[in-house]
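As structure tokens, the structure follows; a few thoughts come after it.
If you read the sequence from its start, that first residue is 1, and numbering goes on from there.
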Amino acid sequence: MKIIKVLKENYLLVLILALGAFLRFYKLDFQSIWLDETHTMIEGNPNISYKEFYDIMVFREQMPYFYFLCVKAFSFIFGHTTYIVRLLSAIFGLISIHAIYLLGREIYNKKTGLISAALLSVNYFHLTYSQEARPYILLSLFVILSFYRLVVFIKNANIKNAILYALFANLMINTHFFGLFILVSQSLIILFFLFDLPKEERFKFFKLSALSGIITLLLWYPSLKIFLLVTEIKSFWILPPALDVYTQMFKEFFGNSEAVLMLVFLATTFYFIRLFGQKKEPTTSIKENKMLFSFVIIATWIFITSFIPLVRSYLDIPMIISRYFIGVLPAVILIIAIGMSSINSSLVRRIIVLLLIIVSLTDIVVIKDYYNKTTKTQFREIAEIIIKRNKNKEKVVSSFGWNMSYFFNQDPTSTPLLNSPSEKNITVDSSLQNYIMLMKDKTIPMESFWYMDGNSKPYKLTPEEEAFLNDNFTLESSIEKVDAWTKHYVSKTIQNNDNQNVAFGIKNFQPSNLDQNGNMLMFENGTIKSPALYLETGSYVLKINANSLPEKPLNGENAHIIIKIGDKEIGNYYLSELPEKKEKIISFENTVNQHCKVTLTYDNDLSVYNLDRNLIIYNIQIKKKNL
């Protein structure tokens, strides 16, 4: 009975949540997973160890752990499929609708909460990321909840509210590093209201705020190492921002729909008209004026979160891309909702809200044909075709070989650049141009292979590369899907499976500790091993490119390494700290046909005077000498 009473009292919210749920759960797995979602599927696989999970997060994903741990746990319980992982995002998206209702109600009134929830439920941008296996929708949820708890804390400063705010703020920054910009805006909001308080209340508010800050930063510590690595990135795929970057982003928030944007503009205009007519009495607190109170919070939220990345994009590295700013969308929705809820005529207010819902749904279902039109990169469909036709288990080469390992049920920690005939792996991480070059150099056999690519990467070869393929291969099939393609090259000659020019990437050594450029880093004493290689008897050379770090000897000594082929040591030496002297060539004899691994041991780690001796390996390869 109590539940029925609650449902009756909140029937509008229930209807809004039902609409939001239908939009988010319907055809959840219709679109193929795109490149970044393959990261999530690999990293969130409950079958990989936490050591492997940690290494991938640090050196490939470079995001905080929390979302991916949620995926790992959810997949462990319900199964690890794209539908299940996207279902988790859809659930987060649905909870976000209820969360913004709570925030709107707390920051202004219940009408604002309901309108905010209604607008978010039909928002195209929010819907898109509610159906994607990435952390952005969870970031949006924790941004909303952290602001909700912040508003409660500002209105009623006590230990409970301080701790609850800290927990949600921590979840926000442990979901995505862009949450740090929002945390800065929240810190400034706290500082503002500290000075708005009567003097006798300031010290208590300050102590509670400091408690929140300490809890937030302490709980963020597990993500600190990844954050420090991210700060070292000096180049990124994101382009420098255009002059109208935020104008275009605002349009993207509403699906670039002119009808939606027109109504949004009207509501926003009305919000500012009402805002500009507000006056603050000298003897009252801003908290007592709902319009001014909400403006201080929302304006700081939007400005700081947008301004800092813009400045950093011009001074350091571009970092503005719309999905990173999904935490700003709720603030924009609140402005629209407050504007609408401030309309005195309930008839006019209801008509405008209903119109905005109708045109938003029309844009999603009819104009964009969201549930029937393929828009995401169809790697899944390409992989399914290859799996069906690849009866001979030929190599599948891709510049995204590590990501593509997900589709072929392959352990991504063993995905090689190039591997020996004894390896069972299917995917190979290499561009087509590089693969052709290695075949030309006879470092790999000219065997039949599939090449798949996409994600805005077109098929593009030089005339010489095309001629090489035409001379040595028959193009058996060429298949294109949305933003993805594959070509099957069948060799014109019978290959010797024991081809003895062996090349392999340093990225395939385990345990793996790669920087953003694919170089291997060793911070402490230990051993790394390559995949198994097949070597016939004969004379070989091993070429290694490596340097000692830092760029000066510690206690007169650089990093020392020992190199073995199987159980046989073929060399040991001290690395140079000079980049121009990074290459070392070692000759050795292999006296029996064998499958063996290359092992490299670092054995003189040292920390002194706040400096740490490490080493970096750029590349390593083996070639058989020509007789």
Side-chain angles (χ1 to χ4, degrees), residues 44 57 63-74 77 88-89 91-107 113 116-117 120 129-130 134-194 204-227 287 297-298 300-301 304-305 324 326-331 334:
M57 289 302 304
M63 278 193 190
Y65 308 102
F66 185 74
Y67 166 77
F68 301 94
L69 288 173
C70 290
V71 170
K72 198 172 176 69
F74 200 69
I77 298 170
L88 182 62
S89 292
I91 292 170
F92 290 147
L94 182 61
I95 297 172
S96 298
I97 297 172
H98 186 261
I100 202 170
Y101 161 75
L102 297 176
L103 175 57
R105 186 185 64 180
E106 190 68 34
I107 204 171
S116 298
L120 195 63
Y129 289 100
S130 294
R134 294 298 286 165
Y136 306 109
I137 201 66
L138 186 59
L139 171 65
S140 175
L141 170 60
F142 287 138
V143 168
I144 295 169
L145 289 175
S146 65
F147 268 103
Y148 168 63
R149 296 311 314 183
L150 175 63
V151 171
V152 173
F153 170 63
I154 291 171
K155 288 183 175 182
N156 183 17
N158 57 42
I159 292 179
K160 174 188 172 183
N161 289 334
I163 292 174
L164 286 173
Y165 162 65
L167 291 177
F168 283 110
N170 174 261
L171 289 170
M172 174 180 69
I173 60 177
N174 267 312
T175 298
H176 197 283
F177 288 130
F178 248 67
L180 290 168
F181 299 130
I182 296 174
L183 185 64
V184 172
S185 74
Q186 293 175 343
S187 301
L188 291 176
I189 291 168
I190 290 173
L191 184 63
F192 176 87
F193 284 103
L194 172 66
K204 176 188 174 183
F205 188 77
F206 174 79
K207 287 193 299 181
L208 293 171
S209 301
L211 174 65
S212 291
I214 292 169
I215 293 172
T216 301
L217 294 177
L218 285 176
L219 294 177
W220 184 62
Y221 180 76
S223 297
L224 182 59
K225 182 176 180 180
I226 299 179
F227 174 73
K287 289 187 289 185
I297 292 173
I298 296 171
T300 308
W301 177 355
I304 296 300
T305 309
Y324 292 174
I326 195 169
V328 175
L329 175 63
L334 284 171

Point to revise | Side chain proximity check, Ser89 to Tyr129, heavy atoms < 4.5 angstrom | key: no
Point to revise | Ile326 to Tyr136 - nearest heavy-atom pair and separation | key: CG2-O, 3.3 Å
**Study point:** Among Ser130, Ser96, Pro330, side-chain contact (heavy atoms from CB on, under 4.5 Å) partner for Leu141
**Key:** Ser96
Practice item. Applying side chain to side chain contact (heavy atoms under 4.5 Å, CB included), run through Ser116 and Leu103 and close with a yes or a no. Key: CA-CA 9 Å; Ser116 298; Leu103 175 57; over 6 Å; no
Review point. Do Val143 and Trp301 have side chains that get closer than 4.5 Å, going by heavy atoms?
Key: yes
Exercise for review: Indicate yes or no: at least one non-hydrogen side-chain atom of Phe181 is less than 4.5 angstrom from one of Ile304.
Suggested key: no
Review point. Are Tyr65 and Phe68 close enough that their ring centres sit under 6.0 Å apart?
Key: no
Point to revise | Spacing of CD1 belonging to Ile189 relative to CZ belonging to Phe193, to within rounding of 0.5 Å | key: 7.5 Å
Exercise for review: Kindly give the heavy-atom pair with the smallest separation between Phe205 and Ile154, and that separation in Å.
Suggested key: CE1-CA, 4.2 Å
Point to revise | Greater than 12 external heavy atoms within 6.0 Å of Phe74's CZ | key: yes
Study note, to complete from the structure: salt bridge (Lys or Arg N to Asp or Glu O under 4.0 Å) filter on Arg134, not counting sequence neighbours, yields Glu61
Practice item. Would you check, one step at a time, whether the test side chain to side chain contact (heavy atoms under 4.5 Å, CB included) holds for Asn161 with Tyr165? Key: CA-CA 6 Å; Asn161 289 334; Tyr165 162 65; over 6 Å; no
Review point. Side-chain contact, heavy-atom cut-off 4.5 Å: Leu208 with Phe153?
Key: yes
Exercise for review: State the CG-CG distance between Leu171 and Leu145, to the nearest 0.5 angstrom.
Suggested key: 9.0 Å
Point to revise | Sequence neighbours excluded, every pair satisfying salt bridge (charged side-chain N to carboxylate O under 4.0 Å, His left out) that has a member inside residues 151-172 | key: Glu106-Lys155
Practice item. Kindly determine whether Ile107 and Ile298 satisfy side chain to side chain contact (heavy atoms under 4.5 Å, CB included), including the steps that lead there. Key: CA-CA 10 Å; Ile107 204 171; Ile298 296 171; 4.3 Å; yes
Point to revise | Ile182 vs Phe178 side-chain heavy atoms within contact, under 4.5 Å | key: no
Exercise for review: State, yes or no, whether a side-chain contact exists between Leu150 and Ile190 at a heavy-atom distance under 4.5 Å.
Suggested key: yes
**Study point:** Pairs satisfying side-chain hydrogen bond (donor to acceptor under 3.5 Å, both in side chains), at least one member in residues 138-147, at least two apart
**Key:** Ser146-Gln186
Practice item. With rounding to the nearest 0.5 Å, note down the distance linking CG in Leu139 to OH in Tyr67. Key: 12.0 Å
Check your understanding: Do the rings of Tyr324 and His176 sit parallel, tilted or perpendicular, given the 30° and 60° boundaries?
Key -> tilted
Point to revise | Where Ala169 and Thr216 come nearest, the two heavy atoms and their spacing | key: CB-OG1, 4.1 Å
Practice item. Calculate, to the nearest 0.5 Å, the distance between atoms CZ and CG belonging to Phe66 and Leu138 respectively. Key: 6.5 Å
Practice item. To the nearest 0.5 angstrom, please state how far the CG atom of Leu167 sits from the CG atom of Asn170. Key: 7.0 Å
**Study point:** Nearest heavy atoms of Ile163 and Ser212, plus distance in Å
**Key:** N-OG, 4.5 Å
Check your understanding: Would you call Val152 and Leu164 a side-chain contact if the rule is heavy atoms closer than 4.5 Å?
Key -> no
Check your understanding: After noting the C-alpha distance and the side-chain angles of Phe227 and Trp220, does the key distance pass the side chain to side chain contact (heavy atoms under 4.5 Å, CB included) rule?
Key -> CA-CA 10 Å; Phe227 174 73; Trp220 184 62; 3.6 Å; yes
Review point. What closest approach, in Å, do Leu183 and Met172 show between heavy atoms, and which atom pair accounts for it?
Key: N-CE, 3.9 Å
Review point. Does atom CD1 of Ile159 have more than 12 heavy-atom neighbours, drawn from other residues, nucleotides or ligands, at distances under 6.0 Å?
Key: no
Exercise for review: Can you see which heavy atom on Pro64 is nearest to which on Ile173, and at what distance?
Suggested key: CG-O, 3.7 Å
Review point. Heavy atoms, side chains only, cut-off 4.5 Å: are Phe147 and Ser185 in contact?
Key: yes
Study note, to complete from the structure: Rounded to the nearest 0.5 Å, the CG atom of Leu334 sits from the CD1 atom of Ile297 at a distance of 10.0 Å
